[in-house]
**Student:** 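Mind looking over this structure? Questions follow.
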Amino acid sequence: MTAEKSIAAVVVDVVARGTDRPFDYHVPETLRDVIEVGSRVRVSFGHRKVMGYVVRLSGEASYGRLKPILDVMDLVPPLTPELVDLGLWMAETCFCHPITALNAMVPAVLKGRYRRVVRIHPRFAPGTVLAPEEEALIERLRREGERPLETVLAWPGVSRSLIRQLVRERRLLVEERVGDRVTRRRTRWVKPAVSGQALRRALDALPPRALRQREILSHFLDRPEAVPLSRLLASLKAGRSSVDSLVEKGLLQLEEREELRDPFAGRSFEQTSPPPLTPEQERAFRAIVGPLREGRHHRILLHGVTGSGKTEVYLQAIDETLKRGRQAIVLVPEISLTPQMVARFKGRFGPRVAVLHSGLSGGERFDEWRKIRSGEVQVAIGARSAIFAPFSNLGLIVIDEEHESSYKQEEQPKYHAREVAFRRGMAHRAVVVLGTATPAVETIHRAGRGELERVVLSRRVQGRPLPRVDVVDMREELREGNRSIFSRMLQEALEQCVSRGEQAVLFLNRRGFSTFVLCRACGKVLECSHCDISLTFHRTNRTLRCHYCGHAEPVPEACPACDSTHIRYFGTGTQRVEEEIARLFPGMRVIRMDVDTTNRKGAHEELLGRFGAGEADVLLGTQMIAKGLDFPRVTLVGVIAADTMLHLPDFRAAERTFQLLTQVSGRAGRHNLSGRVVIQTYSPMHYSIDLAARADTESFYRKELLSRKQHRYPPFCRLFTLLFSHPDRQAVMQASFEASRLLKQTLAGRAEVLGPVPATIPRMKDRYRLQVFIKYTDEEVAKAVKKVLRHLEERAEDPELRISVDRDG
DNA sequence: AGCACGCCGACT
DNA sequence: GTCGGCGTGCTC
């Protein structure tokens with residue numbers, strides 16, 4: 001049936017308008033039994049050679065003069081047909097080039113590497129006299145052989161035109177090399193080359209002086225299997241020469257084996273067995289394994305309070321998955337991919353787990369990936385991109401902390417791991433479990449519509465109570481003369497906690513400054529009258545602007561609510577809090593964790609390790625300390641300013657605030673000591689703060705969904721955010737206004753087009769940024785938007801104009 | 001993205 | 001008259 005494989009549709013590794021579709025190539029006979037859908041191939045494209053992925057094999061061409069596939073680059077195709085399909089779907093839904101989507105699914109080392117080399121032409125044409133610099137170049141290439149083009153260009157007296165001239169004269173050849181960045185680690189292994197009896201005879205025949213050779217041979221008499229050369233030499237204290245002479249005699253043989261780097265080599269994990277489940281956990285477990293056993297695609301929201309033992313449910317469900325010969329993916333936010341978490345999975349599944357985290361080198365990541373591709377492991381645990389783990393028979397996908405925004409990739413391809421998980425789940429008839437204490441509002445909404453089954457874990461394991469939560473009204477503090485960052489209650493609690501020898505976590509949810517404007521007397525935050533979104537302070541012209549609808553007004557002299565003049569541009573940095581602690585509590589030991597102290601690799605783990613070891617009394621940090629940490633001695637959690645996130649110009653602000661407060665509160669009192677939480681805020685009555693403090697999750701989601709519905713935000717519509725950017729302000733204004741007009745015209749009556757308005761960050765990297773929002777429900781609108789964008793791109797005469805598209809809901 | 005093809009200014 | 005500037009368009 002090779003005729004069926006005679007034509008390959010290839011997505012080439014070229015990102016440009018017009019290359020966002022496959023190109024057909026002829027498959028030479030010799031490649032027909034190795035080429036598959038998902039194979040990485042080398043092809044000629046235009047005037048050069050590039051890498052590409054086979055996305056379809058057929059017997060029919062859509063084009064007359066096909067070029068051949070030059071080469072299939074891997075023995076095992078990096079992508080499965082299912083992943084190819086997934087990639088094309090992603091390109092479609094994420095508005096990116098297919099190659100961008102396909103490349104995102106494989107380890108970075110497989111991305112194409114292109115280099116050009118210069119060498120002497122094999123049929124070097126003699127003849128005309130050469131100029132001295134030509135002579136020198138040719139002489140050097142004769143000496144050094146083939147050299148990279150960039151290297152040669154750097155040689156004295158060599159220019160592009162000189163090389164071009166010599167190529168024309170058939171004296172030099174410039175060739176393109178397409179490869180990847182793969183390095184494979186190889187080790188040498190030794191094994192007997194003859195039978196046991198022959199070995200025995202050879203041993204007897206050895207001269208008595210050949211002590212080392214004797215030892216080596218007797219080793220293989222006992223254990224005839226291959227051993228790594230280095231291990232053999234080390235254990236017998238032998239040298240290379242003895243092995244070499246045995247190889248020479250034909251008694252032993254050496255072989256090169258490719259070795260997979262094991263990032264956990266030499267580390268042992270205590271093997272654990274599944275503990276009995278609580279009745280609630282048992283119910284969740286059954287909800288997962290029911291459809292799993294039936295081989296039916298199913299989606300479950302595992303809504304469990306912090307400390308309710310979700311991980312144990314995952315572990316046992318994975319176990320069940322493996323027993324059925326299927327595989328599992330576990331996604332966790334990068335930040336909670338801590339050694340403790342890894343140890344838990346390694347402890348249960350040992351060598352059947354591949355761990356993919358950002359700390360791995362390119363090569364290690366590739367090796368973990370290959371273990372998955374080859375079926376050597378059956379469980380993959382990792383951050384967002386682990387959703388592409390190339391399993392062939394997925395049974396279960398778990399997304400832990402499913403509400404986390406890190407599951408959405410900010411760069412192209414802008415995919416959401418949750419949506420990818422659903423798609424893969426359908427393809428494999430697998431069960432998808434979303435676990436969290438604070439589901440995304442969309443997820444709750446979907447569960448309400450029956451798109452997911454919601455399973456609740458309402459109790460903490462071993463009956464530990466949720467911590468006591470106090471909300472402190474910071475307006476009151478100010479009124480009573482406390483101008484410190486710390487309320488009296490938090491000061492007191494902190495002092496008591498540390499004097500008992502326990503630890504505290506202080507949480508400040510934003511680094512540096514934010515730009516919302518707050519009245520310190522009454523807590524009023526200035527909001528847009530049309531959008532219920534905080535106004536943003538613009539220093540340049542001292543105005544307040546709404547980043548959603550464009551409304552602008554001057555900064556008022558006095559608070560519109562209470563007439564106080566204590567109006568303030570809000571913002572407190574972690575450094576300032578640290579200074580304040582030093583002032584109020586001399587001698588208290590603080591570990592500060594923010595972007596500044598953790599940008600070094602491994603710094604995160606190191607700081608947490610030191611805190612866990614009791615080297616500090618207080619852990620002070622931003623977002624990054626909100627989840628995952630579980631230290632037995634932490635009994636106090638303080639939230640310095642719960643408002644900072646609440647007033648970001650984002651329709652998810654209330655949701656994020658609620659999630660964050662609930663998550664940080666969950667950090668206190670997870671073990672035998674009881675916990676306490678103090679939340680400081682200027683908006684104690686805001687529902688996201690009040691309901692988080694009272695752990696009233698149900699009311700929060702009810703209220704938030706109502707608010708979204710009233711203001712028409714996702715999940716009650718879908719939302720496009722188009723970001724126009726350009727180094728010139730005038731140009732981006734014009735382009736975005738024009739685009740907005742065109743969109744309004746095209747989508748009239750079908751969608752709401754808002755803007756353009758300045759982006760949250762109006763200028764970034766010397767580019768001015770404007771946004772246009774499109775609210776819609778009809779999927780046809782998405783197609784229309786895509787068409788308009790394509791049209792705009794095609795006739796954009798300005799190459800500096802960039803349009804990026806984001807989609808919510 | 002690259003590179004050729006193609007149509008207008010300053011040089012052997 | 002030619003070398004080369006970079007606008008336009010295509011790549012199976």
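What you see is a predicted model; the values in this text were computed from it and never measured. Convention: sequence-line order gives letters A, B, ...; per-chain numbering from 1.
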**Student:** C:dT11 P sits how many Å from A:D13 CG, rounded?
**Tutor:** 19 Å
**Student:** Could you check how far CZ of A:R115 sits from P of B:dA1, rounded to whole Å?
**Tutor:** 23 Å
**Student:** Identify whether the distance between the nearest side-chain nitrogen and carboxylate oxygen of A:R147 and A:E144 falls below 4.0 Å.
**Tutor:** yes
**Student:** Expressed in angstrom and rounded to an integer, what is the separation of A:H26 atom NE2 from C:dC12 atom P?
**Tutor:** 15 Å
**Student:** Using whole Å, report how far CG of A:L70 lies from C1' of C:dC12.
**Tutor:** 12 Å
**Student:** Can a side-chain donor-acceptor contact be found between A:Y53 and A:D13 if the only test is distance below 3.5 angstrom?
**Tutor:** no
**Student:** Whole Å only: how far is the CZ atom of A:R21 from the P atom of C:dC10?
**Tutor:** 11 Å
**Student:** Taking the side chain as every heavy atom from C-beta outward, state whether A:E752 and A:F773 have any pair of such atoms under 4.5 Å apart.
**Tutor:** no
**Student:** Counting only side-chain N and O atoms of A:R17, is one of them less than 4.0 Å from OP1 or OP2 of B:dG2?
**Tutor:** no
**Student:** What's the CG-C1' distance between A:D20 and C:dC12, to the nearest Å?
**Tutor:** 14 Å
**Student:** Using the salt bridge (charged side-chain N to carboxylate O under 4.0 Å, His left out) rule, take A:E402 and A:R418 through it: C-alpha gap first, then chi angles, then the decisive distance, then the call.
**Tutor:** CA-CA 7 Å; A:E402 72 84 32; A:R418 190 203 291 137; 2.9 Å; yes
**Student:** Output the residues of residues 36-53 of chain A in contact with DNA chain B, where contact means a heavy atom of the residue under 4.0 Å from an atom of the strand; sort by number or write none.
**Tutor:** A:H47, A:R48
**Student:** Is NZ or CZ of A:K775 both nearer than 6.0 Å to the six-membered ring centre of A:Y713 and within 45° of the ring axis?
**Tutor:** yes
**Student:** Does a donor on one side chain sit under 3.5 Å from an acceptor on the other, for A:H357 and A:E334?
**Tutor:** no
**Student:** Pick base, sugar-phosphate or nothing for A:R116, based on heavy-atom distances below 4.0 Å to the nucleic acid.
**Tutor:** sugar-phosphate
**Student:** Could you tell me how far apart A:N103 (CG) and B:dA1 (C1') are, to the nearest whole angstrom?
**Tutor:** 14 Å
